[in-house]
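My questions all concern the structure below.
Note: hydrogens, waters and symmetry copies are ignored here, and every other heavy atom, side chains too, is used. Quick caveat, the model's predicted, so the values are computed rather than measured.
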Amino acid sequence: MRRRLVAVATAMVTAALLLPSAPAQAATPDRWGFAYVKDPTITVWNTLPTTYQWGSWKTLAPAAWADGIKVTTGRYLVRFPQIGVAGARGIPHVTAVNPDGRFCEAVRWNLSGVDEIVDVQCFKPGGFPVDTPFTVLWTLSSGVVPAANAYASVQSTALGAIVQQYNSTGGPVTIGPSSPGYYTVRFTGVGTAGVQSGNIQVTAVQPNAQPRRCKVARWGWSGTDVIALVACYNPATGALMDSEFVASFHRQRAVTANVPVYFGYVANAFAGQTNFNSLYGFGANSIGGMVIKYPDLHQKETHSQVTAFGDSSSYCGLEKLWSDAGGTALVSIACFTNAGAPIADRYLSTFTSRI
């Protein structure tokens, strides 16, 4: 036990030396928050589980908590307190938490007073609205940070026009649409030359709350540019379909865009620098089929997101809420055919603590 504690302490010191300086971290994100909706059936504003939420509001309002309310079947509002910014958008990600093929999308997100509200719609296979637990985050970034800890994001219309973008290197994010349903997203300068690295998350957006799903169909690089082919689908038929979406890339940063001590990510279709643990470096997370072990990362409040990978209409989410095994986070992934049949499939998983 003593040897293990010494090893963890040594790894933490090493990781700390590799992190960017405090001013660089302050540049991005400007505001962020994450939460878990455990009971999506409550029709009054209620505080979401406090062990699975945190955000930048805690600096100025430590007693405040994110809350939520059911609007109608499958439709839920999440309110992140005091982090809204007038004239700024930011991006959300959302992942359903269940074992039977339910999935979620972002409808819209907006400033309400000083708060940021994320509107989420969830469905069962076939695209019928249904209540389900889910994880949700929102983050807003600006500024240029050291290339060693890269983050980029983009919001796209259904036609592939960019609504907003951010790149921590200062370079552009571009989108090349190829109807129906395909979008080539290029995150300029955020990768590692000649190496598959980092993690990508994608969330479908549908302002009329009609069912859509999006995923990463292919993923490659050119120099330090990261290139992702995003594919979006009509869940009723499984056919490719144009859709709005948000996509983000993070490398040696958390999915929230900040750099906590404890975070990691994996892509089970790849190896090398797509498997990262902030304490132990590349390749340290264990992938056992549809279960990922993130060693020693389950600290304080935690959060996870999942995106499916591959050029088909299959999709993935969290099978259940992750668990704490002596500090190791156990994250169970569930993937499905378009009809909702469970399958073992490829996915992109990301996990973070708030510290």
* Asked: Would Gln121 and Glu105 count as having a side-chain donor-acceptor pair, cut-off 3.5 Å?
  -> no

* Taking side chain to side chain donor-acceptor pair (under 3.5 Å) as the test, write out the residues that go with Ser153, two or more places apart. =>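 If we apply the side chain to side chain donor-acceptor pair (under 3.5 Å) test to Ser153, skipping adjacent residues, there are no hits.
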
* Ignoring hydrogens and angles, tell me if any N or O in the side chain of Asn167 forms a donor-acceptor pair with the backbone of Thr188 under 3.5 Å. =>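 Here the side-chain-to-backbone pair exists.
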
* Asked: Are a donor atom and an acceptor atom from the side chains of Thr352 and His303 found within less than 3.5 Å of each other?
  ->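 Side-chain D/A pair, Thr352 to His303: absent.
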
* Asked: How close do Cys104 and Ala96 get, heavy atom to heavy atom, and via which atoms?
  ->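 Heavy atoms only, the tightest pair is SG-CB, 3.8 Å.
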
* Given the side-chain rings of Tyr347 and Phe309, with only the six-membered ring counted for Trp, is the space between their centroids under 6.0 Å? -> no

* Smallest separation among heavy atoms of His298 and Thr302, with atom names ->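 Nearest heavy atoms, His298 then Thr302: NE2-OG1, 3.8 Å.
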
* Which pairs with one or both residues in residues 227-261 pass disulfide (SG to SG under 2.5 Å), sequence neighbours excluded? -> Cys214-Cys232

* To do: Examine Val130 and Tyr76 and state if one hydrophobic cluster contains both, with Ile, Leu, Val, Met, Phe, Trp and Tyr joined whenever side-chain heavy atoms are less than 4.5 Å apart.
  => no

* **Transitive ILVMFWY side-chain link Leu229 to Phe187, under 4.5 Å** =>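 Each belongs to a different hydrophobic cluster.
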
* **Validation row: Ile355, Val261 side chains within 4.5 angstrom (heavy atoms)** =>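 In short, these two side chains do not touch, never coming nearer than 4.5 Å.
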
* Using a distance-only test with no angle check, is there a side-chain donor-acceptor pair under 3.5 angstrom linking Thr95 and Gln305? ->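 The answer is yes; a qualifying pair exists.
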
* Asked: Got Val163 and Glu244 here, is their nearest side-chain heavy-atom distance under 4.5 Å?
  ->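 No; the side chains remain at least 4.5 Å from each other.
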
* Separation of Tyr262 OH from Leu297 CG (nearest 0.5 Å) -> 9.0 Å

* For the residue pair Ala35 and Ala66, what are the closest heavy atoms and their distance? ->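 Closest heavy-atom pair between Ala35 and Ala66: CB-CB, 4.5 Å.
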
* Structure fact -> Residues Arg75 and Val107: closest non-hydrogen pair is NH2-CG1, 3.6 Å

* Interatomic spacing from OG1 in Thr184 to CD1 in Ile175 - rounded to 0.5 Å -> 10.0 Å

* **Straight-line distance of Gln299 CD to Leu279 CG, nearest 0.5 Å** => 8.0 Å

* To do: Give a yes or no answer on whether the side chain of Gln53 reaches the backbone of Leu48 with a donor-acceptor pair at less than 3.5 Å.
  =>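 Checking the backbone N and O of Leu48 against the side chain of Gln53, a donor-acceptor pair under 3.5 Å is found.
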
Side chains of residues 77-90: which donor-acceptor pairs under 3.5 Å do they make with residues two or more places apart or in other chains?
{"from": "Arg79", "atom 1": "NE", "to": "Asp67", "atom 2": "OD1", "distance (Å)": "3.0"}
{"from": "Arg79", "atom 1": "NH2", "to": "Asp67", "atom 2": "OD2", "distance (Å)": "2.7"}
{"from": "Arg89", "atom 1": "NH1", "to": "Trp109", "atom 2": "O", "distance (Å)": "3.1"}

* Output yes when a side-chain donor or acceptor of Arg108 lies under 3.5 Å from a complementary backbone atom of Pro207, and no otherwise. => yes

* To do: State yes or no: do Val154 and Val246 share one hydrophobic cluster built from I, L, V, M, F, W and Y residues joined by side-chain heavy-atom distances below 4.5 Å, directly or via other members?
  =>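 Shared cluster, no.
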
* Asked: Going from CG on Leu140 to OG1 on Thr256, what distance comes out if it is rounded to the nearest 0.5 angstrom?
  ->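 Answer for the CG-OG1 pair, Leu140 versus Thr256, is 12.5 Å.
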
* Asked: Is there a donor-acceptor contact under 3.5 Å from the side chain of Asp296 to the main chain of Gly327?
  -> no

* How about Lys58: does its NZ atom have over 12 heavy atoms from other parts shown lying under 6.0 Å from it? ->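 More than 12 within 6.0 Å, yes.
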
* To do: Answer yes or no: is there a donor N or O on one side and an acceptor on the other, between the side chain of Ser168 and the main chain of Val145, under 3.5 Å?
  =>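 No: the side chain of Ser168 does not pair with the backbone of Val145.
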
* Non-hydrogen atoms of Gly189 and Thr169 that approach each other most closely -> O-CG2, 3.5 Å

* **Test item: Asn275 side-chain N/O and Phe282 main-chain N/O as donor-acceptor pair under 3.5 Å** =>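 Such a contact is absent between Asn275 side chain and Phe282 backbone.
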
* Does the side chain of Val291 come within less than 4.5 Å of Ser332's, by heavy atoms? ->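 Side chain of Ser332 against side chain of Val291, heavy atoms only: contact under 4.5 Å found.
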
* Say whether, by atom type as modelled, one donor and one acceptor occur between the side chain of Arg218 and the main chain of Asp311 under 3.5 angstrom. => no

* Asked: Heavy atoms, side chains only, cut-off 4.5 Å: are Thr139 and Ile91 in contact?
  -> yes

* Looking at side-chain heavy atoms only, is the closest gap between Ile227 and Ser222 below 4.5 Å? -> yes

* Applying the 4.5 Å side-chain criterion to the ILVMFWY set and letting contacts propagate, would Phe249 and Val216 be lumped into a single cluster? ->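 Both belong to a single hydrophobic cluster.
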
* Would you check, one step at a time, whether the test side-chain contact (heavy atoms from CB on, under 4.5 Å) holds for Ser197 with Arg251? => CA-CA 7 Å; Ser197 62; Arg251 180 174 57 81; 3.3 Å; yes

* Under the side-chain contact (heavy atoms from CB on, under 4.5 Å) criterion, do Tyr183 and Val202 qualify, and how do the steps go? -> CA-CA 12 Å; Tyr183 307 85; Val202 178; over 6 Å; no

Could you pull out all donor-acceptor pairs under 3.5 Å where a side-chain atom in residues 37-44 meets a protein atom, sequence neighbours excluded?
{"from": "Asp39", "atom 1": "OD1", "to": "Thr41", "atom 2": "N", "distance (Å)": "3.0"}
{"from": "Asp39", "atom 1": "OD1", "to": "Thr41", "atom 2": "OG1", "distance (Å)": "2.5"}

* To do: Please write out which residues are connected to Phe336 in a hydrophobic cluster, directly or through intermediates, given that two of Ile, Leu, Val, Met, Phe, Trp, Tyr count as joined at side-chain heavy-atom separations below 4.5 angstrom.
  => Phe103, Phe123, Tyr315

* To do: Quick one: closest heavy-atom pair of Asn285 and Pro295, and the distance?
  =>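 Here Asn285 and Pro295 meet closest at OD1-CD, 3.5 Å.
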
* Taking the six-membered ring for Trp, are Phe351 and Tyr294 parallel (under 30°), tilted (30 to 60°) or perpendicular (over 60°)? ->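 Phe351 vs Tyr294 ring planes: parallel.
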
* **Atom pair CD1/CD of Ile333 and Glu319 - distance to nearest 0.5 Å** =>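 Ile333 CD1 to Glu319 CD: 9.0 Å, rounded to 0.5 Å.
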
* **Value rounded to 0.5 Å, distance of CG in Leu330 from NZ in Lys293** => 6.5 Å

* Distance only, no hydrogens: is a donor on one side chain within 3.5 Å (strictly under) of an acceptor on the other, for Gln201 and Ser248? ->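 Not at all, the side chains of Gln201 and Ser248 share no donor-acceptor pair under 3.5 Å.
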
* Asked: Going hydrophobic residue to hydrophobic residue with side-chain gaps under 4.5 angstrom, can you get from Tyr233 over to Leu159?
  ->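 No, because Tyr233 and Leu159 fall into different hydrophobic clusters, even though each may have its own neighbours under 4.5 Å.
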
* To do: Could you tell me how the ring of Tyr36 sits relative to the ring of Tyr52: parallel (under 30°), tilted (30 to 60°) or perpendicular (over 60°)?
  =>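 It falls in the perpendicular class, over 60°.
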
* Asked: Counting distance only, does the side-chain N/O of Asp30 pair as donor-acceptor with the main-chain N or O of Ser142 below 3.5 Å?
  -> yes

* For Ser314, what residues pass the side chain to side chain donor-acceptor pair (under 3.5 Å) criterion, not counting sequence neighbours? ->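 Applying side chain to side chain donor-acceptor pair (under 3.5 Å) to Ser314 gives Lys215, Ser312, Asp345.
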
* Asked: Is there a donor-acceptor pair closer than 3.5 Å between any side-chain N or O of Thr350 and the backbone N or O of Tyr265?
  -> no

* Asked: Does some side-chain heavy atom of Phe34 sit less than 4.5 Å from a side-chain heavy atom of Arg354?
  -> yes

* Asked: Between Thr135 (side chain) and Ser304 (backbone), is there a donor-acceptor pair under 3.5 Å?
  -> yes

